[in-house]
2 protein chains.
Amino acid sequence: MGTADVTEETANGEEKPWGEVTPEAARRLLVAAVEAFAERGYHATTTRDIAGRAGMSPAALYIHYKTKEELLHRISRIGHDKALEILRSAAEAEGSAAERLSAAVRSFVRWHAGHHTTARVVQYELDALGAGHRTEIVELRRQSDAAVRRILNEGVAAGEFDVPDVPGTTLAVLSLCIDVARWFNTEGRRTPDEVGALYADLVLRMVGVQK
Amino acid sequence: MGTADVTEETANGEEKPWGEVTPEAARRLLVAAVEAFAERGYHATTTRDIAGRAGMSPAALYIHYKTKEELLHRISRIGHDKALEILRSAAEAEGSAAERLSAAVRSFVRWHAGHHTTARVVQYELDALGAGHRTEIVELRRQSDAAVRRILNEGVAAGEFDVPDVPGTTLAVLSLCIDVARWFNTEGRRTPDEVGALYADLVLRMVGVQK
DNA sequence: ACAGGCTCTAAGCGCTTGCTCACCTTCGGG
DNA sequence: CCCGAAGGTGAGCAAGCGCTTAGAGCCTGT
């Protein structure tokens with residue numbers, strides 16, 4: 001059966017992102033929009049630029065999307081769903097609070113580094129969404145916050161963590177992970193895996209877990 | 001004698017930011033631009049909006065600034081100078097590495113929270129600068145990085161800190177502090193002082209200092 | 001008194017923007 | 001074999017953009 005993952009496997013094993021978006025032309029436009037938004041920002045990107053990158057005329061965009069803002073919303077929605085799923089599956093896994101927090105940070109950071117173009121759009125173009133779409137997305141972010149806060153609370157209750165300010169530390173942990181999307185670049189020295197491992201270690205120190 | 005601070009004191013003790021910018025009309029335009037850029041982003045802000053907030057006609061902007069981009073550059077330059085000065089004065093102060101790191105994070109975060117509109121423009125509108133102006137600003141950021149890295153290195157050398165990856169931890173500390181400008185809002189529960197204290201504590205834990 | 005320099009405005013130029021519309025092609029089903 | 005739906009294009013509209021220009025008001029020095 002199909003997987004719930006956003007990405008799908010092609011015959012030769014390559015990753016094909018946004019495989020869930022159909023038809024094919026709509027997917028190409030969306031991928032082009034992610035690249036353009038990540039490079040120049042939503043407001044500095046023109047519909048002509050997006051259509052051009054997808055190899056189509058400017059008018060073709062409006063066959064698949066009502067407005068440029070709808071494109072951003074689709075990207076933001078899918079990205080936030082994926083990010084939330086990563087955090088949730090780590091939070092609900094077996095193991096100690098420390099193990100779950102470490103795994104959550106590691107995979108969350110790995111996603112922000114590995115998909116930093118997508119993540120940049122998802123995390124930094126929120127204000128460009130219309131009012132209705134924005135409140136929908138903000139609710140997803142509230143759930144991400146709740147997932148992390150739950151791990152911290154459980155760790156404190158179990159005596160594993162020493163955290164005086166759980167809401168504040170939750171905010172700091174998520175903020176640290178999210179900001180990876182801003183500075184990470186592919187030509188840098190670190191791989192997404194390495195950054196994930198480094199950050200998982202730093203976060204465990206923040207909650208008072210000894211090595 | 002005058003102070004090197006960006007802000008100046010008025011007769012009744014109120015803070016008057018951007019006091020160094022003259023003449024008065026140029027200062028009003030710059031303050032208006034900071035607000036507008038912080039709210040909507042550089043590209044979504046129009047020169048008519050900036051001039052309107054300053055109570056002037058659109059053309060007045062071009063008496064004091066050659067282009068809209070020059071306005072952004074002036075804001076970015078002054079803001080980066082201030083941020084770097086805060087880090088440097090903490091790094092070069094007396095005291096143990098732990099004390100200096102704590103003071104640096106506390107004041108750096110306090111500035112990002114207290115001046116979060118300015119900080120948002122300074123930290124997140126870098127890509128909107130022209131190529132020449134951007135390389136100038138990037139150099140200032142390199143120096144901020146060096147100031148923090150120096151404290152970490154000295155703390156490790158003195159045996160105060162346990163930091164396996166100094167460059168990576170430097171990156172994480174700065175990233176954590178900078179991202180305060182993104183999420184901080186004045187209607188929230190925390191004051192800039194409280195966030196500074198929380199973050200100073202979290203960073204000390206990251207470098208392995210016990211309480 | 002008045003020349004000369006600042007500061008600021010009203011009007012608007014040339015261009016780009018998001019988006020639309022009339023029309024063309026491709027293609028599976030009766 | 002023709003049909004209508006679906007996906008695509010070239011041309012272009014109304015609006016808004018950054019920025020310029022001609023000239024008005026005002027302060028200052030002689």
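All values below were derived from every heavy atom in this structure, side-chain atoms included, with hydrogens, water molecules and symmetry-related copies excluded. By convention in this document, chain letters (A, B, ...) are assigned in the order of the sequence lines, proteins followed by strands, and residues within each chain are numbered from 1.
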Base versus backbone protein contacts along nucleotides 7-12 of chain D [heavy-atom cut-off under 4.0 Å; B, S, -]:
-BBB-B
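With sequence neighbours excluded, no residue satisfies salt bridge (Lys or Arg N to Asp or Glu O under 4.0 Å) with A:Arg134. Every residue meeting the side chain to side chain contact (heavy atoms under 4.5 Å, CB included) condition with A:Val109, not counting sequence neighbours, appears here in chain and number order: A:Val105, A:Cys177, A:Val180, A:Val195, A:Tyr199. Contacts of A:Glu94 classified as salt bridge (Lys or Arg N to Asp or Glu O under 4.0 Å), with partners at least two apart in sequence or in another chain: none. Not counting sequence neighbours, the partners of B:Gln143 by the side chain to side chain donor-acceptor pair (under 3.5 Å) test are B:Arg88, B:Glu139. For B:Arg40, the salt bridge (Lys or Arg N to Asp or Glu O under 4.0 Å) criterion is met by B:Asp49, not counting sequence neighbours. Listed by chain and number, the residues in a side chain to side chain donor-acceptor pair (under 3.5 Å) with A:Arg74 are A:Glu70 (sequence neighbours excluded).
Sorted by first and then second residue, the salt bridge (Lys or Arg N to Asp or Glu O under 4.0 Å) pairs with a member in residues 59-68 of chain A form an empty list; sequence neighbours excluded. Applying the salt bridge (Lys or Arg N to Asp or Glu O under 4.0 Å) definition to pairs two or more places apart or across chains, those involving residues 174-190 of chain A are A:Asp179-A:Arg182, A:Arg190-B:Asp165. Sorted by first then second residue, the salt bridge (Lys or Arg N to Asp or Glu O under 4.0 Å) pairs that include residues 97-123 of chain A, not counting sequence neighbours, are A:Arg100-A:Glu154, A:Arg110-A:Asp193.
Of the residues in residues 32-45 of chain B, none lies under 4.0 Å from DNA chain C by heavy-atom distance.
Think of the region where chain A sits on DNA chain C: with heavy atoms and a 4.0 Å cut, that region ends 5' and 3' at C:dT17 to C:dC21.
Taking a cutoff of 4.0 Å between a charged side-chain nitrogen and a carboxylate oxygen, B:Arg149 and B:Asp145 qualify as a salt bridge.
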